[in-house]
Amino acid sequence: MQKTDSINIETTINSGQVFLWNKIGEQWVGIDGQDIMILRQKPYSLKSSGNIDNFLRRDDNLEKILKNISTDRTVRDAIKQSSGLRLIRQDPFQCYISFICSSNSSIQNIKSMLENLCRKFGVKKEFGKYQLHTFPRVETLANATMNELLDCRLGFRAKYVKEASLAVNSNKIDFKELRKLDYQTAIRSLKNILGIGNKVADCIALFSLDKLEAFPIDRWTQRILLKYYKDIFCDVSEKPLTEKKYEKLHDDIVKYFGPYAGYSQQFLFKMERDLNKKSWL
DNA sequence: CCTTGACCTGCCCCC
DNA sequence: CAGATCAGGTCAAGG
């Protein structure tokens, strides 16, 4: 297990993986499912009503992973620029709903939608000196009405969230099972849900189901591939990826970046968004 | 198999 | 300051 102080909290929170976090003074306060977490860099302190080691993937052999993904200069530079950046292992239901809401939306907007859901459907919980709303439980969201969801400013995603919650509530989607399945099977299962396409499925798989070969390709990732890797992934352009092209590209990506491709994606994504001065939480 | 247009919202910009 | 523009994935209809 790596040294505890090698985690950069701000970099990790501000890397597009999580949304329900706020910086209050020197502390980052966030929601993961029914848990509240309080993280502070200086002096270093990690508190959670749940399992913080699980959340921060402290079981990963980071030294080995970073060595494994350091296949080229671009990734090596990205790792150097964002040292201390970690993948997070999120509550699967929250992750699933979060990225369904992410479609055609910006980070700030996703955050606002999720905060609205928590305020309306979550339960108040106290931790440390803070009191905040946890993420809605599956059955609560499954029983929500369309109007309530629309009140949370979900727009056309409201029916996606409703159906997706019903699928989990009826065990049509079982995260414990998906976690055990291989990448391809898990992705195929997720994509049966309305509102989940390739990119969203990859995010859920990577950030909550331990599929480290998942490599979500959004507009930014696509630009990265075009900018730094056009000789390696020849058929990538700025045009939106079709279903087949996405799948083919993902195969090539795993061949090139390896079984921890998801980690390389996270470093590359963080680097390029920072380079373009895109805002985070 | 691919292309196209619709879908909500919030933010930024410009008149 | 109201109104237009744009960014961002997925889906359904049609070529």
Side-chain angles (χ1 to χ4, degrees), chain A residues 14-20 22 90 94-120 141 144-168 172-173 186-209 211 214-227 233-253 262 265-266 268-270 272-281:
Chain A
N14 276 327
S15 66
Q17 305 180 68
V18 291
F19 307 97
L20 287 171
N22 286 294
Q90 303 180 35
Q94 178 175 328
C95 185
Y96 170 84
I97 297 297
S98 298
F99 285 95
I100 287 172
C101 289
S102 80
S103 97
N104 221 34
S105 198
S106 63
I107 288 175
Q108 287 74 19
N109 197 21
I110 300 161
K111 184 186 185 193
S112 133
M113 291 186 263
L114 297 175
E115 282 173 347
N116 293 340
L117 287 175
C118 288
R119 198 174 312 120
K120 205 176 205 28
L141 222 43
T145 67
M146 280 299 288
N147 278 337
E148 287 175 316
L149 294 172
L150 288 167
D151 284 346
C152 294
R153 322 293 293 160
L154 300 192
F156 64 87
R157 304 162 197 85
K159 69 170 185 290
Y160 297 166
V161 167
K162 172 78 179 169
E163 287 200 33
S165 301
L166 284 169
V168 179
K172 187 183 155 199
I173 288 287
I187 289 287
R188 216 171 304 131
S189 182
L190 286 169
K191 289 206 300 184
N192 285 328
I193 303 299
L194 193 70
I196 301 186
N198 285 299
K199 189 268 177 181
V200 170
D202 267 338
C203 287
I204 299 165
L206 180 60
F207 301 138
S208 74
L209 300 174
K211 305 292 179 265
F215 190 103
I217 308 168
D218 66 350
R219 300 285 295 141
W220 285 94
T221 318
Q222 205 178 331
R223 284 180 201 133
I224 290 163
L225 296 177
L226 196 60
K227 182 171 169 186
F233 310 113
C234 306
D235 49 354
V236 60
S237 71
E238 58 260 77
K239 289 194 298 185
L241 293 165
T242 63
E243 172 101 13
K244 286 288 155 195
K245 279 192 170 174
Y246 189 107
E247 286 168 1
K248 161 84 165 64
L249 184 54
H250 181 266
D251 285 348
D252 294 343
I253 280 167
Q265 186 272 353
Q266 202 57 31
L268 293 168
F269 181 80
K270 173 70 174 162
E272 202 64 8
R273 297 263 314 187
D274 282 344
L275 191 64
N276 286 273
K277 299 183 168 42
K278 289 288 165 185
S279 61
W280 301 102
L281 295 179

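Letters A, B, ... are given to chains in the order of the sequence lines, protein chains preceding strands, and every chain is numbered from 1.
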So [X], base contact, sugar-phosphate only, or nothing? Heavy-atom distance under 4.0 Å.
X      : value
A:L154 : nothing
A:I193 : sugar-phosphate
A:R223 : sugar-phosphate

In residues 193-205 of chain A, what donor-acceptor pairs under 3.5 Å come from side-chain atoms, sequence neighbours left out?
unit_1: A:N198; atom_1: OD1; unit_2: A:K191; atom_2: NZ; d: 2.6
unit_1: A:D202; atom_1: OD1; unit_2: A:Y183; atom_2: OH; d: 2.5
unit_1: A:D202; atom_1: OD2; unit_2: A:Y246; atom_2: OH; d: 2.7

In dot-bracket, 5' to 3', how would DNA chain C read with Watson-Crick or G-U wobble pairs under 3.5 Å, [ ] for crossing ones and | for pairs to another strand? ..|..||||||||||
Contact span of DNA chain B against chain A, any nucleotide atom under 4.0 Å from a heavy atom, 5' to 3', runs B:dC1 to B:dG10
Comparing nearest nucleotides in DNA chain B, the 5'-proximal residue of the pair A:Q108, A:N104 is A:N104
Examine distances only and state if a side-chain atom of [X] and a backbone atom of [Y] form a donor-acceptor pair shorter than 3.5 Å.
X      : Y      : answer
A:Q222 : A:K239 : yes
A:R223 : A:D218 : no
A:Q90  : A:L209 : no
A:Q266 : A:S15  : yes

Smallest separation among heavy atoms of A:G155 and A:L150, with atom names: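 The answer is O-CD2, 3.5 Å.
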I'd like to check A:I173 versus A:S189 (side-chain heavy atoms, cut-off strictly below 4.5 Å). Are they in contact? yes
Taking the side chain as everything from C-beta on, heavy atoms only, tell me whether A:L141 gets closer than 4.5 Å to A:V168.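 When only atoms from C-beta onward are counted, A:V168 and A:L141 do not touch, as no gap falls below 4.5 Å.
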Using the C1' atom as the reference point in each nucleotide, state the distance between B:dC11 and C:dT10 in Å, no decimals. 22 Å
Listed by chain and number, what are the ring-ring contact (aromatic ring centres under 6.0 Å, His included) partners of A:F99, not counting sequence neighbours?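 With neighbours one apart ignored, the set is A:F19, A:F207.
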Walking DNA chain C from its 5' end, the first of A:L194 and A:S106 to be reached, judged by nearest nucleotide, is A:S106
Decide, yes or no, whether a salt bridge links A:K159 with A:E163 under the criterion of side-chain N to carboxylate O below 4.0 Å.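 Result for this pair is no, no salt bridge flagged.
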Nucleotide interval of DNA chain C bounded by contacts with chain A (heavy-atom cut-off, under 4.0 Å):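 First and last nucleotides in contact are C:dG8 to C:dA12.
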Counterpart residues, salt bridge (Lys or Arg N to Asp or Glu O under 4.0 Å), relative to A:K162 (two or more places apart):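 With neighbours one apart ignored, the set is empty.
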